[in-house]
There are 2 protein chains.
Amino acid sequence: VTSPVASGLPSKTDKAFLSILDGRQLKTPPIWLMRQAGRYLPEYRELRATAKNFLDFCYSPALAAEATLQPIRRFGFDAAILFSDILVIPDAFGQTVTFEAGEGPRLNPLTSAEDIERLPELSLDRLSAVFETIDRVKPQLPPQTAFIGFCGAPWTVASYMIAGRGTPDQAPARLFAYRNPAAFQLLINKLVDASIGYLSEQIRVGVEAVQIFDSWAGILPPSEFQRWSLEPIARIISGVHARHPEARIIAFPRGATTHLPEFIRQTGAQAIGLDTAVDPNWAVKAIPEQVVVQGHLDPLALLAGGRAQSEAVGALLTAYRGRRHIFNLGHGILPETPIDHVAALVEQVRSFEG
Amino acid sequence: VTSPVASGLPSKTDKAFLSILDGRQLKTPPIWLMRQAGRYLPEYRELRATAKNFLDFCYSPALAAEATLQPIRRFGFDAAILFSDILVIPDAFGQTVTFEAGEGPRLNPLTSAEDIERLPELSLDRLSAVFETIDRVKPQLPPQTAFIGFCGAPWTVASYMIAGRGTPDQAPARLFAYRNPAAFQLLINKLVDASIGYLSEQIRVGVEAVQIFDSWAGILPPSEFQRWSLEPIARIISGVHARHPEARIIAFPRGATTHLPEFIRQTGAQAIGLDTAVDPNWAVKAIPEQVVVQGHLDPLALLAGGRAQSEAVGALLTAYRGRRHIFNLGHGILPETPIDHVAALVEQVRSFEG
């Protein structure tokens, strides 16, 4: 399916997604999509209906494994991503987490330094269902398909823990951090430690790469970005590498734009997810050549389909010609996206020979 | 109040805000705040209660003039900004616009190319109340206070006209533009012409500078940014300059970040508003020295107050030392902001002698 290797290191794997992370250059970028296991798939909606509560669904290894595999069966993406949610971490810390249909997550918010101090140390036992899902998925993946684990970045997870929900600009957590920097730092520290343990265990059980999602990084002013997004992610990357020196880690500090060169320098990230608004012509100059670029088609272009989609896909493929590039969206696929638009996307990317 | 001129052209005005736009360098940056006439002021809340409907309030010259002047009386800002709303333009096009308390604007959305074709040419007569407000404010301003007019940029205004409301990412308009690029271009063209006429008339009646607010620019992928944000603003700037060659124009393409150097080059903008997330250390390098930089304190830092505020203010003042800088927020002031935080901000900025 994937074009022959154009250049680079000797092959340690037949999986295009992994070999590009390992330093090889491919003519045809591997492709997967954020939220590829999700509501745009009719088979997912059917499966999802078998469990009442979203977290119950995530914690049912049989269901979560099936959801992970569905998009691979349908589209043959180059990587499967563990079906789970970034809010399993607050849940594992004992914070009440629920998902209201059509409303998004609801948590009992942390409102004081005491609330944060009271959080127990994270026990990985509470996440055993996630590791069991990984265990179940692994033998069912086609040989050419890589397996990605993930977690939310500390800033993004903390912003939900403080606000108790998603908000247009995560103002509650930003305000809390201005008013209680020491308490917020403690929360971030707890999340850094939890994330190192959680990702390391995912890798030990069998994922072949991990992605750190900092969906709310872009809303932070520069000094807050440094303190709450960049530094915690740097510590996670270094903590995971201390346990798994060969670990492949993709950082996705969404909206980081002009901070990206410094982010890459300070975190040592070897692969970076870019969002919809990034200009690829800027990125090819600003991001060091040895760093893998992942992204970043506008999910709305994929929803629109037709000429808007094919032109946007073509522009990205062309812009990253000669770069190590993993094709993806700039944000999660939208539930309303027609299946045949996804099929057309995969076909266009697979027929590209940069 | 403002420090002596450090360098630059001979003075044509005693107004610090204008002289900095005219090319002079001041040791102390002039200051005003986006949404400075608004709900954080108790006197505004009292005044606002005298009119039921928000647009009626905007269209009452006596009330709108008073709202414009209130923050000048209280804080002595270097510029007053016309009290109005960017959605007077859709209203003047005959689209129904209402404001639900606590809910934001509601418009009867444009859903088809026909809806757009049917929009009449804008008649400035429908905006006569706005011009009468300008007329009333002018003689009441202190001699050192400049007067700013404004409009919403075509992309931002169009995004409300299509969605019928604010949304987290203005997806309806982005999707409409992908699916109906010709119809969306027609809407943008109508808004460009309307904005040129509207701003030119504001200047003729008496404002001394205008700002173009593109609050939703940052959500656009690069080619859409070029087509829907940059090009329309470039046409407005050139159209206004054709009628008023000396017009002072500030462009505020919020979230444009890495597009800013190209935006400045192609639009010829002489002053640029920056948003909260911009790194000033990046901006001083990326933005040409002859361009005035306006911004960009995090409104949440001003809400938080105390050390978080004073450190953030100090960091901005220091970063733009030696640059032509107008102090402002990176986004509108929040209604919950304590009055004394604003007073402390003004004091800190006024006591800075770069």
* Selection from B:Leu334, B:Leu220, B:Leu303 maximising heavy-atom pairs under 4.5 Å formed with chain A -> B:Leu303
* To do: Would you please test A:Asp279 and B:Thr258 for side-chain hydrogen bond (donor to acceptor under 3.5 Å, both in side chains) and show each step?
  => CA-CA 8 Å; A:Asp279 182 350; B:Thr258 62; 5.7 Å; no
* Asked: Can we call the ring centroids of B:His296 and B:Phe252 under 6.0 Å apart?
  -> no
* To do: Specify which of B:Ala308, B:Ala312, B:Gly330 makes the most heavy-atom pairs with chain A at under 4.5 Å.
  => B:Ala308
* **Rounded distance (nearest 0.5 Å) linking atom CD1 of A:Ile116 with atom CZ of A:Phe176** => 3.5 Å
* For side-chain hydrogen bond (donor to acceptor under 3.5 Å, both in side chains), just list the numbers for B:Glu262 and B:Gln226, CA-CA rounded to whole Å, side-chain angles, deciding distance to a tenth of an Å, and then say yes or no. => CA-CA 9 Å; B:Glu262 196 56 24; B:Gln226 173 75 25; over 6 Å; no
* **B:Ser223 portion near chain A, given a 4.5 angstrom heavy-atom threshold** => neither
* Asked: Highest number of heavy-atom pairs under 4.5 Å with chain B: which of A:Pro221, A:Gly305, A:Ala286?
  -> A:Pro221
* Asked: When you check the side-chain N and O atoms of A:Gln294 and A:Trp32, is any donor under 3.5 Å from an acceptor?
  -> yes
* **Top contributor to chain B interface from A:Asp169, A:Thr257, A:Ile219 [non-hydrogen pairs under 4.5 Å]** => A:Thr257
